[in-house]
Amino acid sequence: MRLDKLLSNMGYGSRKEVKLLLKSKAVEVNGVSAKDVSMHVDAEKDSIVVYGEEVIYTEFIYLMMNKPPGVISATEDKKDETVIDLLDPVAQHFKPFPVGRLDKDTEGLLILTNDGHLSHQLLSPKKHVPKLYFATIDGRVTDDDVKKFKEGVTLDDGYFTKPGELTILSSGEVSEIELTIMEGKFHQVKRMFESVGKKVTYLKRMRMGSLQLDETLELGDYRPLTEAELEALQQKE
């Protein structure tokens with residue numbers, strides 16, 4: 001790869017700006033001051049240093065975010081703040097996108113990446129990737145609801161869902177539940193409860209596939225996936 005392309009991809013500016021970096025002798029390749037922006041480098045073998053700091057070339061970015069309410073799962077929006085707006089400029093440079101969507105008022109686990117292949121694998125209906133949600137329900141959730149969800153329910157548009165695993169944590173005028181589903185239709189969890197005459201008042205995604213929400217992340221915070229987390233997600237392929 002050309003040196004200017006690599007440095008530009010890593011957020012060191014446009015190719016014109018990278019050229020100025022070389023002119024100021026800020027860039028070294030294998031211990032030698034780089035002068036030619038068109039020189040080819042091997043990102044895995046060559047040592048590339050800018051202002052004394054080694055450049056570790058990365059093509060893909062994988063982030064876990066604890067999505068806050070009021071923010072939409074999109075790359076851009078003219079009216080609302082998006083999950084991309086919450087990222088620092090370096091992360092934004094990689095042009096990540098959310099893997100699937102969480103409703104505007106829903107919190108919890110959201111994966112952000114620029115790896116389209118992994119995103120497809122996690123979202124493909126054929127892969128049956130489970131998604132675990134915690135919810136607060138206005139109304140008493142019963143064993144009859146558990147049975148109905150296990151068989152699948154009919155949504156307001158006539159769609160019959162795949163079976164869902166409903167666990168009642170507490171039942172009363174306000175109930176707390178966990179629900180695992182294999183698909184991700186629009187407002188699906190809310191619409192499943194509407195089909196049995198109940199309303200979701202709080203919703204949080206806790207897990208997607210093998211990836212569990214890091215509870216140390218405050219709302220709106222994010223961190224890179226660990227190697228183990230990423231490998232586990234990729235094994236789902």
Test of understanding: with side-chain hydrogen bond (donor to acceptor under 3.5 Å, both in side chains), list the residues that count as partners of S24, not counting sequence neighbours.
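Per chain and number, S24 pairs via side-chain hydrogen bond (donor to acceptor under 3.5 Å, both in side chains) with no residue.
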Tell me whether E165 at atom CD has more than 12 heavy atoms from other residues, nucleotides or ligands lying less than 6.0 Å away.
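Open: at most 12 neighbouring heavy atoms sit under 6.0 Å from CD of E165.
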Give a yes or no on whether R191 atom CZ has more than 12 heavy-atom contacts from other residues, nucleotides or ligands under 6.0 Å away.
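Yes, CZ of R191 has more than 12 neighbouring heavy atoms, counting only those of other groups under 6.0 Å.
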Test: [X] and [Y] ion pair at under 4.0 Å:
X	Y	result
D4	K16	no
K190	D105	yes
K198	D138	no
K204	E176	no
E229	R223	yes
K185	D157	no

Run the numbers on K148 and D144 for salt bridge (charged side-chain N to carboxylate O under 4.0 Å, His left out), then give the verdict.
CA-CA 6 Å; K148 288 178 179 177; D144 187 50; 3.4 Å; yes
Pairwise side-chain contact, [X] with [Y], heavy-atom cut-off 4.5 Å (strictly under):
X	Y	value
F94	M10	yes
K104	P69	no
P130	R207	no
V141	F193	yes

So that I know where these two stand, are Y51 and Y12 an aromatic pair - ring centroids less than 6.0 Å apart?
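So the answer is no for these two rings.
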Please report the shortest heavy-atom distance between [X] and [Y], naming the atom on each side.
X	Y	value
L87	P96	CD1-CG, 3.6 Å
V189	V200	O-CG2, 4.1 Å
G139	S175	O-OG, 2.7 Å

Are a donor atom and an acceptor atom from the side chains of [X] and [Y] found within less than 3.5 Å of each other?
X	Y	value
D115	T113	no
T216	D214	yes
D46	N30	yes
D88	Y222	yes
Y202	E107	yes
E183	Y159	yes

If only atom types and distance count, is the side chain of R205 paired as donor or acceptor with the main-chain N or O of L109 below 3.5 Å?
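Yes; judged by distance alone, with no hydrogens or angles, the pair exists.
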Under 3.5 Å, is there a donor-acceptor pair between the side chain of S47 and the main chain of V29?
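Side chain of S47 to backbone of V29, a donor-acceptor pair under 3.5 Å: no, none is there.
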When rounded to the nearest 0.5 angstrom, what distance separates CG in L3 from NZ in K35?
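Separation between the atoms: 14.0 Å.
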Interatomic spacing from OH in Y62 to CG in L118 - rounded to 0.5 Å:
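Separation between the atoms: 6.0 Å.
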Using the rule that Ile, Leu, Val, Met, Phe, Trp and Tyr join whenever any side-chain heavy atoms are under 4.5 Å apart, tell me whether L102 and M65 fall into a single cluster.
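Yes; tracing contacts between hydrophobic side chains, which count when under 4.5 Å, links both residues.
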Would a single hydrophobic cluster contain both L123 and F186, if residues Ile, Leu, Val, Met, Phe, Trp and Tyr are joined by side-chain heavy-atom contacts under 4.5 Å?
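Different clusters.
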